[in-house]
Amino acid sequence: LGTKKMNVWAKDAEFDVTLEAVTDGAPMPTVTSAKLTENEPDFEFDFSYTQDQIGTYVYQVTETAGENSAITYDPTVYTVTVVVGNSGTAVLDVDCTVTDQDGNPVNAADLDFENTYTAKGETKVEGTKKMNVWAKDAEFDVTLEAVTPGAPMPDITSAKLTESKP
C-alpha cells in the first residue's frame with residue numbers, strides 16, 4: 001500500500017504508479033498500475049500465489065514522471081522481494097520485504113511517492129501620466145501598495161514620473 005504526497009495539489013494532477021516484475025516469469029497481480037489523484041491518492045497491489053509458485057520473486061514499484069514542469073516527480077524505485085514457501089500447512093508462507101533504491105528497508109504499507117508543485121506566474125502593471133501641459137520640473141510619485149496582508153510584491157514598488165518619463 002502506498003500514498004501520493006504533495007505540498008500542494010496541481011489542478012487535475014494525476015500520477016501513474018506501476019508494478020513491474022524484475023524476476024522473469026514472476027506471478028503478477030491482476031492490477032499492476034494505479035492512477036493517483038488528489039481524491040484518490042492511495043494505491044495497493046494484491047499478490048496471490050499457489051503451491052506451484054514456490055520461489056523468490058522480485059518486483060519494482062515506480063512513479064512515471066509526467067510532463068508538468070511545475071511538478072517535481074519522485075524518482076524513488078521500491079524493490080519488493082516476495083519469498084513464497086510451503087511449510088506443509090494449507091497456507092503458503094509468503095514473506096515480503098521492501099527496500100528503496102538505496103537499499104534501505106521500507107514498511108510494505110509505506111510506499112510513498114512525494115512530489116512538489118511550484119507554479120509561478122507574472123503580471124505587469126503599467127500606466128502613463130497625462131497632462132495637458134507639463135509644469136516646469138513637475139514630478140509625481142506613484143506607489144504600489146498591497147491591500148491584502150502578506151501579498152507578494154515586486155522588487156520595485158514606486159516610480160517618479162516626469163515629462164520625459166511619464
Side-chain angles (χ1 to χ4, degrees), residues 1-87 89-126 144-158:
L1 176 68
T3 300
K4 164 61 60 199
K5 295 181 179 181
M6 285 195 69
N7 60 333
V8 176
W9 276 87
K11 182 178 173 154
D12 300 325
E14 294 181 336
F15 301 88
D16 295 317
V17 173
T18 305
L19 171 78
E20 296 177 338
V22 175
T23 305
D24 287 336
M28 297 296 290
T30 304
V31 176
T32 59
S33 64
K35 188 169 292 294
L36 310 181
T37 65
E38 182 174 15
N39 293 329
E40 294 184 25
D42 299 326
F43 66 93
E44 183 173 283
F45 299 119
D46 294 322
F47 294 85
S48 179
Y49 299 94
T50 66
Q51 65 188 21
D52 298 331
Q53 297 168 322
I54 303 296
T56 301
Y57 303 103
V58 179
Y59 305 88
Q60 286 186 336
V61 180
T62 57
E63 173 184 82
T64 303
E67 297 180 12
N68 187 332
S69 62
I71 295 175
T72 302
Y73 294 89
D74 191 332
T76 302
V77 176
Y78 292 106
T79 299
V80 180
T81 303
V82 179
V83 178
V84 181
N86 189 348
S87 63
T89 66
V91 178
L92 295 175
D93 296 323
V94 180
D95 184 40
C96 177
T97 58
V98 180
T99 56
D100 62 17
Q101 69 270 9
D102 297 324
N104 299 314
V106 177
N107 184 317
D110 293 330
L111 277 66
D112 297 334
F113 291 97
E114 193 164 339
N115 303 83
T116 55
Y117 175 67
T118 309
K120 297 180 181 180
E122 295 181 5
T123 189
K124 186 181 272 189
V125 177
E126 297 180 301
L144 175 66
E145 296 178 351
V147 175
T148 304
M153 296 292 289
D155 293 334
I156 299 172
T157 59
S158 63

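Because the structure is a prediction, the values reported are computed rather than measured.
Across all non-hydrogen atoms, the minimal contact from F45 to S33 is CE2-N, 3.5 Å. Minimum interatomic distance between I71 and Y117 (heavy atoms only, all atoms of both residues): CG1-CD1, 3.7 Å. Nearest heavy-atom pair across Q51 and L92 is N-CD1, 3.8 Å. Between D74 and D112, the shortest heavy-atom contact is OD2-O, 4.0 Å. Shown here for Y59 and P27, the closest heavy-atom pair between the two residues is OH-O, 2.5 Å. When all heavy atoms of I54 and G85 are compared, the closest pair comes out as CD1-C, 3.8 Å.
Note: Y49 and F47 have parallel aromatic rings, judged against thresholds of 30 and 60 degrees for the angle between ring planes.
A centroid separation of 6.0 Å or more is found between the aromatic rings of F43 and F15.
Counting only residues at least two apart or on different chains, the salt bridge (Lys or Arg N to Asp or Glu O under 4.0 Å) pairs with a member in residues 18-36 are E14-K35, D16-K35.
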Pair V17-T62, side chain to side chain contact (heavy atoms under 4.5 Å, CB included): steps then yes or no: CA-CA 6 Å; V17 173; T62 57; over 6 Å; no
Determine, stepwise, if the pair E63 / T76 fulfils side chain to side chain contact (heavy atoms under 4.5 Å, CB included). CA-CA 8 Å; E63 173 184 82; T76 302; over 6 Å; no
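Listed by chain and number, the residues in a side chain to side chain donor-acceptor pair (under 3.5 Å) with T72 are T116 (sequence neighbours excluded). For E40, the side chain to side chain contact (heavy atoms under 4.5 Å, CB included) test picks out T37, with sequence neighbours left out.
Remark: the backbone N or O of V77 is paired with a side-chain donor or acceptor of Q101 at under 3.5 angstrom.
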